[in-house]
Protein chains: 2
Amino acid sequence: MISRKTKYALQALGCLAEHASGEPMLIADLAERERIPRKYLEAILVALRKGGVLTSRAGRGGGYQLAAPAGEITLARVVAILDGDIAPLPCLADTNPVRCDECADLDTCGTRLVMLEVKRTVSATLDGLTLADLVERARDARARRRGTPDFSI
Amino acid sequence: MISRKTKYALQALGCLAEHASGEPMLIADLAERERIPRKYLEAILVALRKGGVLTSRAGRGGGYQLAAPAGEITLARVVAILDGDIAPLPCLADTNPVRCDECADLDTCGTRLVMLEVKRTVSATLDGLTLADLVERARDARARRRGTPDFSI
DNA sequence: TAAAAGTCTATCGATATTATAGACATATTT
DNA sequence: AAATATGTCTATAATATCGATAGACTTTTA
């Protein structure tokens with residue numbers, strides 16, 4: 001389960017990725033279009049900027065932009081910034097792993113070993129998906145519903 | 001991230017799976033061996049019994065047993081019993097999906113579409129792992145550490 | 001220098017999780 | 001049938017986390 005925070009982030013990033021022109025977008029616009037509480041979105045965007053995924057410009061004509069092409073920003077990165085490690089168990093976290101005190105032996109804990117496998121799978125999937133995929137699938141879905149392939153318009 | 005509840009469940013189930021003889025095990029023993037708060041474990045075992053993974057017998061000589069061979073109990077099933085759906089988004093839950101009210105259109109939400117992929121991956125992984133795998137990996141890890149393959153003893 | 005924009009800090013309430021306690025019911029052995 | 005060992009249920013408390021909001025502050029550009 002990803003947090004609502006991360007979901008909001010993906011929506012906002014998707015919106016920025018679709019926003020063809022390189023023009024920065026305003027927090028207020030993003031909040032309205034994606035129906036995200038303004039102040040909450042603010043905090044999310046700051047985190048993303050600190051995480052290197054967004055750049056911002058203050059002052060008139062300012063706003064937020066992607067810091068890289070959509071195809072280079074992985075979901076893994078976004079999730080890591082907002083939800084931190086996706087480790088299924090605290091003892092499997094990449095940064096700051098916390099060993100369970102009920103576990104006598106970390107390396108031979110069966111639960112940990114199988115969950116490590118789950119973690120690897122999730123990581124691989126999130127690493128293989130980018131904002132470009134997100135945008136593309138939404139576009140495909142819209143096209144499919146209209147009954148016309150996207151490129152035939 | 002799986003809950004601590006599910007982690008406790010997997011440890012207890014692993015313990016039962018290793019417990020060679022078909023004899024039932026007592027809650028108190030399980031709690032002590034796996035260092036799980038006794039009363040908390042109690043609630044977990046009840047849930048697992050209701051979920052069909054365990055059987056229990058009251059009275060003297062009673063206790064808990066696996067309801068099926070370890071190789072037939074998947075992690076997916078255990079996680080589902082204790083943590084419910086593993087859906088990364090509420091709108092992707094199998095049972096009782098809740099659509100986000102900020103989403104105008106469920107079927108063309110890019111975030112949902114990419115997360116659906118993540119969910120499928122996780123489900124497939126958890127479906128492919130059983131308690132027997134859990135036990136086996138722990139055994140392998142112990143053997144590997146001793147520097148001797150398990151079968152050479 | 002004023003307006004428009006982003007940044008930071010604090011706080012609140014709701015909810016879920018983890019944990020505990022104790023009364024109650026059931027089954028086995030003697 | 002009594003005694004004892006065992007599981008079951010309900011309620012509650014402590015804690016942590018998440019989602020959300022408010023307001024003062026800083027920076028940039030026209």
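What you see is a predicted model; the values in this text were computed from it and never measured. Chain naming here is simple, since letters A, B, ... match the order of the sequence lines and numbering starts at 1 in each.
Electrostatic pairing of B:Glu42 and B:Lys39 counts as a salt bridge here, judged by a charged N lying under 4.0 Å from a carboxylate O. Electrostatic pairing of B:Asp29 and B:Arg38 does not count as a salt bridge here, judged by no charged N lying under 4.0 Å from a carboxylate O. Under the 4.0 Å criterion applied to side-chain N and carboxylate O atoms, B:Glu23 and B:Arg57 are not assigned as salt-bridge partners.
For the contact set between residues 25-38 of chain A and DNA chain C, defined by any heavy atom under 4.0 Å, the members are A:Leu26, A:Ile27.
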Between the protein and nucleotides 16-19 of chain D, list the N/O to N/O atom pairs that are separated by less than 3.5 angstrom.
from, atom 1, to, atom 2, distance (Å)
D:dG19, OP1, A:Arg4, N, 2.8

Please write out the pairs of protein N or O atoms and N or O atoms of nucleotides 21-24 of chain C separated by less than 3.5 Å, giving the distance to one decimal.
from, atom 1, to, atom 2, distance (Å)
C:dG22, O6, B:Lys39, NZ, 2.3

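Side chain of B:Thr6 to backbone of B:Ile2: no donor-acceptor contact under 3.5 angstrom is found. B:Arg99 contributes a side-chain N or O that, together with a main-chain N or O of B:Cys103, makes up a donor-acceptor pair within less than 3.5 Å. Between the A:Arg145 side chain and the B:Thr108 main chain, no donor and acceptor come within less than 3.5 Å of each other. Here the side chain of B:Asp94 pairs no donor or acceptor atom with the backbone of B:Asp85 at under 3.5 angstrom. Between the A:Asp83 side chain and the A:Ala80 main chain, no donor and acceptor come within less than 3.5 Å of each other.
The 12-atom threshold is exceeded at NZ of B:Lys119, counting heavy atoms of other residues, nucleotides or ligands nearer than 6.0 Å.
The nearest whole Å value for the distance from the CG atom in B:Leu82 to the C1' atom in C:dT18 is 13 Å. For A:Tyr64 and C:dA5, the OH to C1' distance is 10 Å, given to the nearest whole Å. Separating the CD1 atom of B:Ile44 from the C1' atom of C:dT20 is a distance of 13 Å, rounded to the nearest angstrom. As rounded to whole Å, 13 Å separates atom P of C:dA2 from atom CZ of A:Arg60.
OP1 or OP2 of C:dT7 sits under 4.0 Å from a side-chain N or O of A:Arg49. Side-chain nitrogen and oxygen atoms of A:Ser56 include at least one within less than 4.0 Å of the OP1 or OP2 phosphate oxygen of C:dT7.
Residue A:Lys7 is classed as having no contact, given no heavy-atom separation below 4.0 Å to the nucleic acid.
A:Met25 places a side-chain heavy atom less than 4.5 Å from the side chain of A:Arg33.
No path of Ile, Leu, Val, Met, Phe, Trp and Tyr side chains, each step under 4.5 Å between heavy atoms, connects A:Leu131 with B:Leu113, placing them in separate hydrophobic clusters.
Both A:Ala58 and A:Leu41 lie close to DNA chain D; mapped to their nearest nucleotides by heavy-atom distance, the more 5′-ward contact belongs to A:Leu41.
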